[in-house]
2 protein chains.
Amino acid sequence: MSQSKPLTEEDALQLDNQLCFKLYAASRAVIRGYKPMLDQLGLTYPQYLVMLVLWEWQLKPPELPTVKALGERLLLDSGTLTPLLKRLETQGLLRRRRAASDEREVHLALTESGWVMREQVPALKHALLCQHGVDLNELVALRKQIGGLLNQLTLPSH
Amino acid sequence: MSQSKPLTEEDALQLDNQLCFKLYAASRAVIRGYKPMLDQLGLTYPQYLVMLVLWEWQLKPPELPTVKALGERLLLDSGTLTPLLKRLETQGLLRRRRAASDEREVHLALTESGWVMREQVPALKHALLCQHGVDLNELVALRKQIGGLLNQLTLPSH
DNA sequence: CGCAATTAGATTGCAAACAATTTAATTGCT
DNA sequence: AGCAATTAAATTGTTTGCAATCTAATTGCG
């Protein structure tokens with residue numbers, strides 16, 4: 001709402017084009033960067049994000065994660081998650097079971113194998129960050145910037 | 001390479017997880033934000049990026065853009081671009097033709113219809129930015145941050 | 001209670017991404 | 001010239017994203 005500078009239409013276009021593209025390209029570049037590590041785990045990037053959420057879930061209230069809750073966390077719907085979760089189940093990393101209390105819900109639970117995988121991650125990730133020589137301070141700043149944008153786009157106005 | 005602070009493994013993990021996810025989510029959120037505008041143009045987001053590059057190409061040397069050149073610009077390969085370009089051709093926005101000088105190359109040229117579309121964009125985009133109340137200064141800062149990361153991930157070391 | 005809305009997942013269909021392979025044209029080297 | 005290596009696209013197959021639709025369970029309300 002605070003449009004202080006009188007940028008020309010062309011300037012705004014150019015800036016916006018660049019941001020669009022850079023955000024899109026950077027996201028894919030990060031995914032590509034994770035590929036070697038994820039290959040070792042046998043996961044795709046979205047599958048990895050799902051595993052991260054499930055690993056974190058232990059700190060939550062006693063409720064088991066559902067497909068819906070996972071979707072809210074990752075901003076993904078069942079059209080994406082259902083087949084992805086089936087693949088993770090096939091790999092033996094988790095189990096999916098209809099909730100007894102409400103048969104519409106599907107509870108997700110990591111298997112032993114799913115938990116064990118977690119232990120391999122910190123070392124792999126550390127190696128990854130070092131290898132690319134990424135500046136952690138820069139990452140902190142970037143995370144904040146992106147968080148701001150993400151909030152503007154997901155919470156607000158329209 | 002300048003790892004000044006002694007973050008714990010857990011801190012680094014957490015930070016990194018958040019960045020991964022936020023970058024991925026922000027990219028998709030932006031694409032979602034463009035949807036209404038792109039629906040009016042009948043384009044998908046990647047198709048739109050391709051059109052942007054082609055619209056910009058006029059400023060380039062006399063060479064016509066090729067699939068390869070487009071791919072270098074957008075960091076995409078022919079496996080993605082070939083079918084996408086075929087769809088744009090079907091829509092009558094561009095023509096694909098084997099180069100006479102080198103039959104391996106495919107030259108891309110916008111049609112009249114492809115050029116006309118360009119004129120609709122500034123107004124649509126302006127409306128979009130206003131609607132979301134995005135702070136332009138923030139966008140400038142974000143673009144720089146992301147540009148830095150993108151360079152680290154695409155140019156360097158490994 | 002009974003039935004219309006709502007809700008959670010699943011399904012279907014299309015368009016990316018991307019790895020791996022294939023095809024055809026061009027280069028380069030001897 | 002002749003042939004191996006390289007190069008540009010195309011093709012194939014798998015996995016996302018996401019809209020739209022469908023199914024089944026649950027809620028809410030008269």
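Note that the structure is a prediction, hence the values are computed from the model and not measured. Residue numbers begin at 1 in each chain, while the letters A, B, ... track the order of the sequences.
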> Among the clusters formed by ILVMFWY side chains lying less than 4.5 Å apart, do A:Leu124 and A:Met117 turn up in the same one?
Replying inline: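 The answer is yes; both residues are in one hydrophobic cluster.
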
Respond yes when some side-chain nitrogen or oxygen of [X] is under 4.0 Å from OP1 or OP2 of [N], and no when none is.
{"X": "B:Thr66", "N": "D:dA9", "result": "yes"}
{"X": "B:Thr80", "N": "C:dA17", "result": "no"}
{"X": "A:Lys68", "N": "C:dT6", "result": "no"}
{"X": "B:Gln47", "N": "C:dA16", "result": "yes"}
{"X": "A:Arg104", "N": "C:dA10", "result": "no"}

>> Taking any heavy-atom pair under 4.0 Å as a contact, classify A:Arg87: base, sugar-phosphate, or nothing.
In response: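 It contacts base atoms.
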
> So A:Tyr48 and A:Tyr34, would you call those rings parallel, tilted or perpendicular, with 30° and 60° as cut-offs?
Replying inline: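 If you compare the ring of A:Tyr48 with that of A:Tyr34, the planes turn out tilted.
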
> Just how far, in rounded Å, is C1' of C:dA10 from CG of A:Leu84?
Replying inline: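 Computing the A:Leu84:CG to C:dA10:C1' distance gives 14 Å.
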
> Is a donor-acceptor pair below 3.5 Å formed from side chain B:Thr44 to base C:dA16, judging by atom type as modelled?
Replying inline: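 When only heavy-atom distances are counted, B:Thr44 does not reach the base of C:dA16 through any donor-acceptor pair under 3.5 Å.
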
>> Quick check on contacts: within residues 95-103 of chain A, what sits under 4.0 Å from DNA chain D by heavy-atom distance?
In response: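 Hits under 4.0 Å, by residue number: A:Ser101, A:Asp102, A:Glu103.
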
> Counting side-chain heavy atoms from C-beta on, which of C:dA17, D:dC18, C:dA19 comes nearest to A:Arg28?
Replying inline: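 Nearest listed nucleotide: C:dA17.
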
